[in-house]
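Both counts, for ligands and for their atoms, begin at 1 and track the order of listing. If you're wondering where the values come from, they're calculated on a predicted model, not measured in any experiment. Side-chain atoms are counted along with the backbone in the values below, which use heavy atoms only and exclude waters and symmetry mates.
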Amino acid sequence: MSLLHDQRPVFVVDFGAQYAQLIARRVRECKVYSEIVPCDIAPEELRRRDPAALILSGGPASVYAEDAPGMDPEIYELGVPILGLCYGMQLMALDLGGAVPRTDVGEYGFAELTVDAPDSAIFDGLPVTQQVWMSHRDSVGTVPKGFRATAHTGTTAIAAMEDPKRRLYATQFHPEVAHTPHGQEMLRRFLHDVADIAPTWTMVNIIDEVTESVRAKVGDARVICGLSGGVDSSVVAALLHRAIGDQLTCVFVDHGMLRLDEAEQVAHVFRDNFHVDLVHVQAEARYLGLLAGVTDPEEKRRIIGEEFWRVFFEEATKLEGVRFLAQGTLYPDVIESGPGKAAKIKSHHNLIPFPEGVHFDLIEPLRSLFKDEVREVGAELGLPDEIVHRQPFPGPGLAVRIIGGITAEKLDTLRLADAIVREEIGRWDENREVWQYFAVLPDIRSVGVMGDERTYGHPIIIRAVASADAMTADWARLPHDLLAKMSNRIINEVPGINRVAYDITSKPPGTIEWE
Ligand code: XMP
């Protein structure tokens, strides 16, 4: 189910930009609904979908490359306001009769922009000189007929251009990145002032709209939802409960690999606070049986994933009248566009291993949302902070943070140590800089001495990283006193641990998790 929205969308036309999703998010931060579409989208399709504006993304290609992605020029004739960014600006210039001479002078990184037309709608009220972020080789040499150049930098004579009559605007720099401090303001001016779009995309509106569309789709059927304790499934559950109340049943498969008190918290929040009909399946013993002696991380993941669906469908098929299965699929999971790729919206149906003779229709109420929007919806719905701002946590849970075989005893050990790490870093007032922090239990033992006794115990490894998106990460520079405190507490409070190590590997070459 897609999130039907009253607001006409702004399409980010994707020319293979690394920033396409970021542009869409920035547009949404202006309270305007936005989607990514591939650049080979046909004019008829655009006309049918009636966007309120287009933003042409950047792209890795040179406009002169043999397979340089383009867009049907008829699209400029639709009367839709367009903002071209970087490659999008060059393409706009070429398509409309301007010139983009080949130069060998690129411009990468920070640049000082001078606005030559302060009356331009997108620069209105912004500083005449300001910092922007550039990343390009070619640039526009002559603007198309009807356009005027509106800004320059030391290297790039035409760093922005516009034809206000046709509502066509373009910048060579990237307003969407944080390195362009006034970039968001420019986007806002383009969307609100130039394209005249009302800022009505808010989380409150989204909740109302999802509620309406879920009610319309579900009627009086029952919906089942797998709850994991993670942000996405929790928000789906809270949202659906708001929409259809008792028609929702949540199945919480507790695989026993969660952190200290997490399972109780999930049960408490949904059963006691939200009064959701919750089936809490305590399956730790079952999982431990399956995992006994398994040391390969992929094998652990496979076993845990498959067993989840087995347990889930055992419960689901006990209930009468279930027609729908709700899933926490997010927008980045479904979008696949860019040059050469059709506007494929991936179906998650085929990822669900329905047993013979069982089938439910999918409900995916978060399908249009980015993760930060899901968190906002969660907060708006009254989910507690621990869930809304939960750190990323692998589905297979502590199973991937215990290296080697998994036993109930090792799980207890890791849970205790991990709770100490979370408590201590959680108390540190600069912990906002840390993306993720946890403990790992490796499969080694070493000699130590405690009191007068020789010990032969396991170490605990503390992992704490700074990151923006988990794609790259740096180890967090935790204060020595904090490390000392955690080390002391872990050794004193967690039986069997005689050593604590801190992981000082960045990603790459390391990963965030150990496995
Ligand atoms: P790595 O270890 O590859 O992890 O650097 C990148 C990010 O992904 C998280 N992660 C997972 N998240 N299910 C998830 O939802 C998983 O199976 C999973 N495995 C890793 C990891 O915690 C980090 O934030």
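- Counting only residues at least two apart or on different chains, the salt bridge (Lys or Arg N to Asp or Glu O under 4.0 Å) pairs with a member in residues 382-396 are E262-R390.
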Note down each nitrogen or oxygen pair, ligand 1 side and protein side, whose separation is under 3.5 Å; give only atom names and the distance to 0.1 Å.
{"from": "ligand 1", "atom 1": "2 (O)", "to": "I512", "atom 2": "N", "distance (Å)": "3.3"}
{"from": "ligand 1", "atom 1": "2 (O)", "to": "E513", "atom 2": "N", "distance (Å)": "2.8"}
{"from": "ligand 1", "atom 1": "5 (O)", "to": "K507", "atom 2": "NZ", "distance (Å)": "2.7"}
{"from": "ligand 1", "atom 1": "5 (O)", "to": "I512", "atom 2": "N", "distance (Å)": "2.7"}
{"from": "ligand 1", "atom 1": "13 (N)", "to": "G395", "atom 2": "N", "distance (Å)": "3.3"}
{"from": "ligand 1", "atom 1": "17 (O)", "to": "R301", "atom 2": "NH1", "distance (Å)": "2.6"}
{"from": "ligand 1", "atom 1": "19 (N)", "to": "R301", "atom 2": "NH2", "distance (Å)": "3.0"}
{"from": "ligand 1", "atom 1": "22 (O)", "to": "Q436", "atom 2": "NE2", "distance (Å)": "2.7"}
{"from": "ligand 1", "atom 1": "22 (O)", "to": "E513", "atom 2": "OE2", "distance (Å)": "2.5"}
{"from": "ligand 1", "atom 1": "24 (O)", "to": "Q436", "atom 2": "OE1", "distance (Å)": "2.8"}

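- With sequence neighbours excluded, no residue forms a side-chain hydrogen bond (donor to acceptor under 3.5 Å, both in side chains) with E376.
- A cation-pi arrangement is absent between R222 and F324, since the terminal nitrogen or guanidinium carbon is not both under 6.0 Å from the aromatic centre and inside a 45° cone about the axis.
- No cation-pi contact links R137 to Y108, judged by a cut-off of 6.0 Å to the six-membered ring centre and 45° from its axis.
- For the pair R422 and F438, the cation does not sit on the ring face, since its NZ or CZ is not both under 6.0 Å from the ring centre and inside 45° of the axis.
- The side chain to side chain contact (heavy atoms under 4.5 Å, CB included) test applied to P509 returns T505, S506, not counting sequence neighbours.
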